[in-house]
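Report on the following structure.
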Amino acid sequence: MAQKKKALITGITGQDGSYMADFLLAKGYEVHGLVRRSSSFNTGRIDHLYGGTVQETKDFFMHYGDLTDTNSLIHIIDKCRPDEVYHFGAQSHVRISFDIPESTAQITGVSTLKLLEALRIVSPKTKFYQASSSEMFGKAREIPQKETTPFYPRSPYGIAKVFAYWTAVNYREAYGMFACNGILFNHESPRRGENFVTRKITTGIAKILAGKQKKIYLGNLDAKRDWGYAPEYMDAAWRMLQQPEPDDYVIATGETHTVREFVEEAFRVAGIADWKNYIEVDPRYYRPAEVDVLIGDATKAKQKLGWEPKVKFKELAEIMVKADCKKQGIELKS
Ligand code: NAP
Ligand code: GDD
């Protein structure tokens, strides 16, 4: 019988890592996850794999570690000897990266170097996925953005991701390692962190309907993003590591919408016409430097990976609003 493939996922307790765990377990992988110590449970997104606080099974293993702790990374890689590493762990909030730029640089940027260096020493044949970001395009030099578009990051987060991107390219070119950058545009889901704008809006609407919240306070309503559906983007990330050669790919829907349009669509799904009564603009949520417009061109991914997004803007808003309403005990009709 063929040996199961082994994957190590950093950021397994986050949105993407948890969907990737679902995806790989369904494909028959043995999945290892790096979990950092937290004073309260941080495993809510993977608890469903067991129906409770996570315990290991024969295919699923959790390891305490931290992206700032190089020794923990070396020990975990040595212990599980993965065929593939999916590096999703990061301080991933752009606004907050202005408050904690130094730790963001370490966790989001330098961790890629630590992992690749650990792999180079311990397990150089392991394939490596770097969670790169459309935030690297920042003040975009070209519309739409593709693999060859120059970077112009606008936040400590974006700068850290540019460092990580080039580190992955460098380890590929210098040491022949199989390292890929997935340059993913915004992708959302019911598992999205509640302080990212789409989820803040959909949880807010559900709580308004449940009578638990009166208003949603937002920042820049004019920013435009290319929003896709997170589980589909994990399929794209996996496909990158199944190619004969490592490469970098943009993953996006090719549509862009303002935050205001997301608000309108989400309130429409919830059956509330007068959304302006529930939204207040609070300058606290503005960013010192904003990324105004992002829109991706995923032609290369379509041609080389056979990947295309199915869920687009309206369906995404509907999935998220319905899921958050359901959590509040409210069933919305289609
Ligand atoms: P997320 O939900 O914020 O998850 C981040 C993960 O990183 C969590 O599991 C978190 O652990 C973990 N983490 C943070 N600091 C850590 C540390 N010091 N040591 C170990 N683990 C640590 O992010 P996401 O939306 O799933 O995104 C996944 C990756 O893709 C990130 O690298 C993000 O920057 C990148 N990305 C995301 C998007 C997007 O639209 N979602 C687009 C492009 C790129 P806790 O659960 O304990 O906090
Ligand atoms: N978070 C947040 N909260 N954003 C707001 C708010 C608010 O109250 N009001 C308006 N916005 C605007 C932000 O200014 C930004 O222009 C846009 O909504 C999207 O913000 P986020 O949802 O926080 O996402 P992001 O685009 O900054 O970053 C996400 O996508 C990147 C890929 O482009 C994160 O997931 C990053 O980790 C990821 O790399």
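Nothing here was measured: the structure is a model prediction, and the numbers come from that model. Because only heavy atoms are used, hydrogens play no part in the values below, and waters and symmetry mates are left out as well, while side chains stay in. Counting starts at 1 for both ligands and their atoms, in listed order.
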(request) Name the closest protein heavy atom to atom 28 (O) of ligand 2, giving the residue it belongs to and the distance to 0.1 Å. (result) Val94 CG2, 3.6 Å

(request) May I ask you to check if ligand 1 and Asp66 share an N or O to N or O distance below 3.5 Å? (result) yes

(request) Work out whether the distance between some heavy atom of Tyr233 and some atom of ligand 1 is less than 4.0 Å. (result) no

(request) With heavy atoms only and a cut-off of under 4.0 Å, state how Arg36 meets ligand 1: side chain, backbone, both or neither. (result) side chain

(request) Measure from the side-chain N and O atoms of Lys300 to the backbone N and O of Glu147, and report whether any donor-acceptor pair falls under 3.5 Å. (result) no

(request) May I ask you to list the atoms of ligand 2 that are less than 4.0 angstrom from any heavy atom of Tyr285? (result) 8 (O)

(request) Give, for atom OG1 of Thr112 and atom CH2 of Trp166, the distance between the pair rounded to the nearest 0.5 Å. (result) 14.5 Å

(request) Between Thr43, Ile12, Thr13, flag the one that comes closest to atom 11 (O) of ligand 1 by a heavy atom. (result) Thr13

(request) May I ask you to check if ligand 2 and Arg225 share an N or O to N or O distance below 3.5 Å? (result) yes

(message) Suppose we measure from atom 19 (N) of ligand 1 to each protein heavy atom; which comes out shortest, and what is that distance?
(response) Leu67 N, 3.0 Å

(message) I need the atoms of ligand 1 closer than 4.0 Å to a non-hydrogen atom of Asn42, numbered in the order shown.
(response) 47 (O)

(request) Just go through Ser134, Ala90, Ala223 and tell me whose heavy atom is the nearest to atom 32 (C) of ligand 2. (result) Ser134

(message) Just to check, does His93 reach to within less than 4.0 Å of ligand 2 when the distance is taken from its heavy atoms?
(response) yes

(message) To check your reading of the model: name the closest protein heavy atom to atom 42 (C) of ligand 1, its residue, and the distance in Å.
(response) His187 CE1, 3.2 Å

(request) Identify the residue among Arg45, Arg191, Lys27 that makes a salt bridge (Lys or Arg N to Asp or Glu O under 4.0 Å) with Asp22. (result) Arg191

(message) Quick check on contacts: which atoms of ligand 1 are under 4.0 angstrom from a heavy atom of Leu184?
(response) 42 (C), 43 (C)

(message) Show the atoms of ligand 2 that are less than 4.0 angstrom away from any heavy atom in Tyr157.
(response) 36 (C), 37 (O), 38 (C), 39 (O)

(message) Among all the protein's non-hydrogen atoms, which is closest to atom 26 (O) of ligand 1, and how far away is it?
(response) Asp16 N, 2.8 Å

(request) Would you confirm whether Arg199, through its side chain, and Arg192, through its main-chain N or O, come within 3.5 Å as a donor-acceptor pair? (result) yes

(request) Look at ligand 1 and say whether Leu34 reaches it with a heavy atom at a distance under 4.0 Å. (result) yes

(message) Suppose I only count heavy atoms of Arg192 and a 4.0 Å limit; which atoms of ligand 2 are within that range?
(response) 29 (C), 34 (C), 35 (O)

(message) Judged on heavy-atom distance to atom 44 (C) of ligand 1, which of Gly228, Ser92, Ser132, Gly89 sits nearest?
(response) Ser132

(message) Tell me the contacting part of Ala230 for ligand 1: side chain, backbone, both, or neither, using a 4.0 Å heavy-atom threshold, strictly below.
(response) neither

(request) Would you please classify the geometry between the Phe313 ring and the Phe262 ring as parallel, tilted or perpendicular, with 30° and 60° separating the classes? (result) perpendicular

(message) Using heavy-atom distances only, which candidate in Val259, Asn186, Asp226, Ile201 approaches atom 17 (C) of ligand 2 most closely?
(response) Val259

(request) Measure up the Tyr86 and Tyr129 rings against each other and bin them: parallel (under 30°), tilted (30 to 60°), perpendicular (over 60°). (result) tilted

(message) So, regarding Ile107 and ligand 1 (criterion: nitrogen or oxygen to nitrogen or oxygen, under 3.5 Å), is there a contact or not?
(response) no

(message) Using the rule salt bridge (Lys or Arg N to Asp or Glu O under 4.0 Å), only one of Lys139, Arg225, Arg95 pairs with Glu290; which is it?
(response) Arg225

(message) Within the 4.0 Å heavy-atom shell around Leu218, which atoms of ligand 2 are there?
(response) 8 (O), 9 (N)

(request) Flag the pair Asp59 and Lys4 as a salt bridge only when some basic side-chain nitrogen lies within less than 4.0 angstrom of an acidic carboxylate oxygen. (result) yes

(message) Donor-acceptor check, side chain of Glu232 to backbone of Val311, threshold 3.5 angstrom: yes or no?
(response) yes

(message) Below 30° counts as parallel, above 60° as perpendicular, anything between as tilted: where do the rings of Tyr233 and Trp307 land?
(response) perpendicular

(message) I'd like to know if Arg260 pairs up with Asp222 as an ion pair, taking the criterion as any Lys NZ or Arg NE/NH1/NH2 lying under 4.0 Å from an Asp or Glu carboxylate oxygen.
(response) yes

(message) Return the closest protein heavy atom for atom 2 (O) of ligand 1 as residue, atom name and distance.
(response) Gln15 N, 3.0 Å

(message) For Asn277, is there any backbone N or O sitting under 3.5 Å from a side-chain donor or acceptor partner on Lys215?
(response) yes

(request) Can you sort out which atoms of ligand 1 are near Asn186, meaning under 4.0 Å from one of its heavy atoms? (result) 40 (O)

(message) Please tell me whether Phe151 and Phe137 form a close aromatic pair, meaning their ring centres lie under 6.0 Å apart.
(response) yes

(request) Tell me which protein heavy atom sits closest to atom 30 (O) of ligand 1, plus the residue, atom name and distance to 0.1 Å. (result) Ala131 CB, 3.4 Å

(request) State the atoms of ligand 2, each with its element, that fall below the 4.0 Å cut-off from a heavy-atom position in Asn220. (result) 9 (N), 10 (C), 11 (N), 12 (C)

(message) Strictly distance-based, threshold 3.5 Å: is any side-chain N or O of Arg239 a donor or acceptor partner for the main-chain N or O of Ala301?
(response) no

(message) For atom 7 (C) of ligand 2, what's the nearest protein heavy-atom neighbour? Residue, atom name and distance, please.
(response) Lys200 NZ, 3.7 Å

(message) Counting non-hydrogen protein atoms only, what is the nearest one to atom 4 (O) of ligand 1? Give residue, atom name and distance.
(response) Gly14 CA, 3.4 Å

(message) If the cut-off is 4.0 Å to any non-hydrogen atom of Ser133, which atoms of ligand 2 fall inside it?
(response) 31 (C), 32 (C), 33 (O), 38 (C), 39 (O)

(request) Taking only heavy atoms of Glu290 into account, list the atoms of ligand 2 that are under 4.0 Å away from them. (result) 13 (C), 14 (O), 15 (C), 16 (O)

(message) I'd like to know if the side chain of Asp16 reaches the main chain of Phe88, judged simply by a donor and an acceptor atom lying under 3.5 Å from each other, with no hydrogens or angles considered.
(response) no

(request) Determine whether any heavy atom of Arg287 lies closer than 4.0 Å to an atom of ligand 2. (result) yes

(request) For ligand 1, indicate whether the residue Lys161 contacts it via side chain, backbone, both or neither (heavy-atom separation under 4.0 Å). (result) side chain

(message) Among Tyr157, Phe185, Phe196, which one puts a heavy atom closest to atom 35 (C) of ligand 1?
(response) Tyr157

(message) With a 3.5 Å distance limit and no angle check, can you tell me whether Thr126 reaches the backbone of Glu84 through a side-chain donor-acceptor pair?
(response) no

(message) As a check for students: among Ala90, Gly11, Ser189, identify the option with a heavy atom nearest to atom 5 (C) of ligand 1.
(response) Ala90

(request) Output yes when Lys322 and Glu318 qualify as a salt bridge under the 4.0 Å nitrogen-oxygen rule, no when they do not. (result) yes

(request) Answer yes or no: is there an ion pair linking Lys302 with Glu308, defined by an N-O contact shorter than 4.0 Å? (result) yes

(request) List the closest protein heavy-atom neighbour of atom 11 (N) of ligand 2: residue, atom name, distance to the nearest 0.1 Å. (result) Val197 CG2, 3.7 Å

(request) Check each of Gly193, Gly158, Ser92 against atom 34 (C) of ligand 2 and report the one with the nearest heavy atom. (result) Ser92

(message) Can you tell me if Lys5 has over 12 outside heavy atoms packed within less than 6.0 Å of its NZ?
(response) yes

(request) Run down the list Gly204, Gly219, Ser132 and name the one with the heavy atom closest to atom 9 (N) of ligand 2. (result) Gly219

(request) Among all protein heavy atoms, pick the one closest to atom 41 (N) of ligand 1 and tell me residue, atom and distance. (result) Arg192 NH1, 3.1 Å

(message) Test your reading of the structure: does Asn195 have an N or O sitting under 3.5 Å from an N or O of ligand 2?
(response) yes

(request) Select the closest option to atom 29 (C) of ligand 1 among Tyr64, Phe41, Tyr86, Phe88, judged by heavy-atom distance. (result) Phe88

